[in-house]
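Count residues from 1 along the sequence.
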Amino acid sequence: MKRFTSAALVALALAVPTFTPATAQDEDNAFVTFQVLKPEVALTAAVAAMESCRDAGYQVGVMVVDRFGLPQAYVRDRYAGLHVFETARRKAWTAVSFRTDTMSLGETTAPDGMMGAIRDLSEPLALGGGLVIEAAGSIVGGIGVSGAPGPDLDAVCAEAGIDAILDEIAF
């Protein structure tokens with residue numbers, strides 16, 4: 001009979017890729033379940049976003065992160081700038097961390113506003129181009145695009161990435 005260490009059980013619990021809405025029965029359950037994108041689906045979204053920008057004449061980098069902000073897929077077009085890796089990653093991370101698109105967060109965290117101090121944190125990037133990826137009302141990931149001539153255009157390409165996987169994540 002195999003015995004599992006507590007670390008192995010924690011790793012197993014974290015690997016369960018399902019989500020069920022909270023119910024009263026959950027109070028008696030010691031585990032949380034959730035959904036994340038398959039790597040292939042994350043890559044499909046990243047490539048679709050990059051190709052959308054390429055078709056518009058922009059060279060970008062695209063990062064897709066899981067619901068915890070950890071990278072799942074990254075693509076960079078051949079002439080995209082050096083900064084796009086970090087910028088795309090931080091946009092995707094920010095979207096899932098704050099559960100909102102980064103363009104809206106930019107407005108909410110204006111330097112003279114009540115939430116302006118968020119901009120003093122080291123990781124968030126309140127610059128358009130980061131979107132939350134949702135399925136069945138739950139966050140399953142985030143996508144960040146960097147390199148188009150404006151953050152609004154980054155956001156358009158990010159949306160194209162999400163659109164490319166909607167049939168796979170809609171249920």
Side-chain angles (χ1 to χ4, degrees), residues 7-23 26 29-56 58-78 80 83-106 121 123-148 151-171:
L9 292 175
V10 169
L12 181 62
L14 292 175
V16 177
T18 60
F19 171 79
T20 52
T23 65
D26 289 340
N29 191 342
F31 298 99
V32 175
T33 56
F34 56 88
Q35 290 188 329
V36 295
L37 297 174
K38 291 179 182 177
E40 299 83 0
V41 175
L43 184 59
T44 296
V47 169
M50 180 186 70
E51 289 176 346
S52 174
C53 270
R54 182 188 293 159
D55 291 346
Y58 318 133
Q59 295 282 301
V60 300
V62 182
M63 177 74 72
V64 175
V65 300
D66 66 16
R67 64 180 287 120
F68 305 107
L70 297 173
Q72 280 196 287
Y74 175 73
V75 293
R76 178 184 160 275
D77 217 340
R78 56 187 71 84
H83 67 284
V84 300
F85 177 84
E86 179 181 356
T87 309
R89 181 191 63 78
R90 287 179 58 196
K91 287 179 181 185
W93 181 92
T94 300
V96 297
S97 181
F98 290 91
R99 297 180 166 96
T100 189
D101 69 276
T102 55
M103 188 73 78
S104 295
L105 188 66
L121 299 173
E123 197 65 21
L125 186 57
L127 181 65
L131 301 177
V132 174
I133 303 172
E134 293 184 71
S138 179
I139 294 174
V140 296
I143 185 168
V145 176
S146 175
D152 55 332
L153 300 172
D154 286 336
V156 169
C157 296
E159 187 64 47
I162 295 172
D163 289 348
I165 61 170
L166 278 180
D167 288 345
E168 296 181 71
I169 64 173
F171 51 90

What's the shortest heavy-atom distance between Gly130 and Ala95, and which atoms? C-CB, 3.8 Å
Closest non-hydrogen atom pair between Val145 and Cys53, with its separation: CG1-SG, 4.1 Å
Distance check, rounded to the nearest 0.5 Å: Ile169 atom CD1 versus Thr44 atom OG1? 11.5 Å
Tell me every residue that passes side-chain contact (heavy atoms from CB on, under 4.5 Å) with Ala45, counting only those two or more places apart in sequence or in another chain. Val64, Ile143, Ile165
Set of ring pair (Phe, Tyr, Trp, His ring centres under 6.0 Å) partners for Tyr74, sequence neighbours left out: Phe85
Only counting residues at least two apart or in another chain, list the ones meeting side-chain contact (heavy atoms from CB on, under 4.5 Å) with Leu127. Lys91, Leu125, Pro151
Sequence neighbours left out, what passes salt bridge (Lys or Arg N to Asp or Glu O under 4.0 Å) with Glu86? Give chain and number order. Arg90
As a test of understanding, state which of Val140, Asp66, Val65 forms a side chain to side chain contact (heavy atoms under 4.5 Å, CB included) with Val96. Val65
Among residues two or more places apart or on two chains, list those pairs meeting salt bridge (Lys or Arg N to Asp or Glu O under 4.0 Å) that have a residue in residues 40-55. Arg54-Asp77
Arg67 side chain vs Val36 backbone, donor-acceptor pair below 3.5 Å: no
According to side chain to side chain donor-acceptor pair (under 3.5 Å), who are the partners of Thr100, at least two apart in sequence or on a separate chain? none
Nearest 0.5 Å, please: how far is CD1 in Ile162 from CG in Leu131? 4.5 Å
Check this for me: does any side-chain nitrogen of one of Glu123 and Arg89 sit under 4.0 Å from a carboxylate oxygen of the other? yes
Which residues satisfy the side-chain contact (heavy atoms from CB on, under 4.5 Å) test with Ala48, sequence neighbours excluded? Ala164
Ring pair (Phe, Tyr, Trp, His ring centres under 6.0 Å) partners for Phe98, two or more places apart: none
Return yes if some donor-acceptor pair links the side-chain N/O of Glu168 with the main-chain N/O of Val41 below 3.5 Å, else return no. no
Atom OG of Ser104 and atom CZ of Arg99: how far apart are they, to the nearest 0.5 Å? 15.5 Å
Considering non-hydrogen atoms only, spot the tightest contact between Ala80 and Gly61 and give its length. CB-N, 4.3 Å
Can you check whether Gly129's main-chain N or O pairs, donor with acceptor, with Thr102's side chain at less than 3.5 Å? yes
How close do Val84 and Ser146 get, counting heavy atoms only, and between which atoms? CG1-O, 3.3 Å
Going by side-chain contact (heavy atoms from CB on, under 4.5 Å), name the residues that satisfy it together with Val75, two or more places apart in sequence or in a different chain. Leu43, Ala46, Val47, Met50, Val62
Would you mind reporting whether Pro124 and Trp93 have side-chain heavy atoms less than 4.5 Å apart? yes
Output the distance between atom SG (Cys157) and atom CG (Asp152), rounded to the nearest 0.5 Å. 10.0 Å
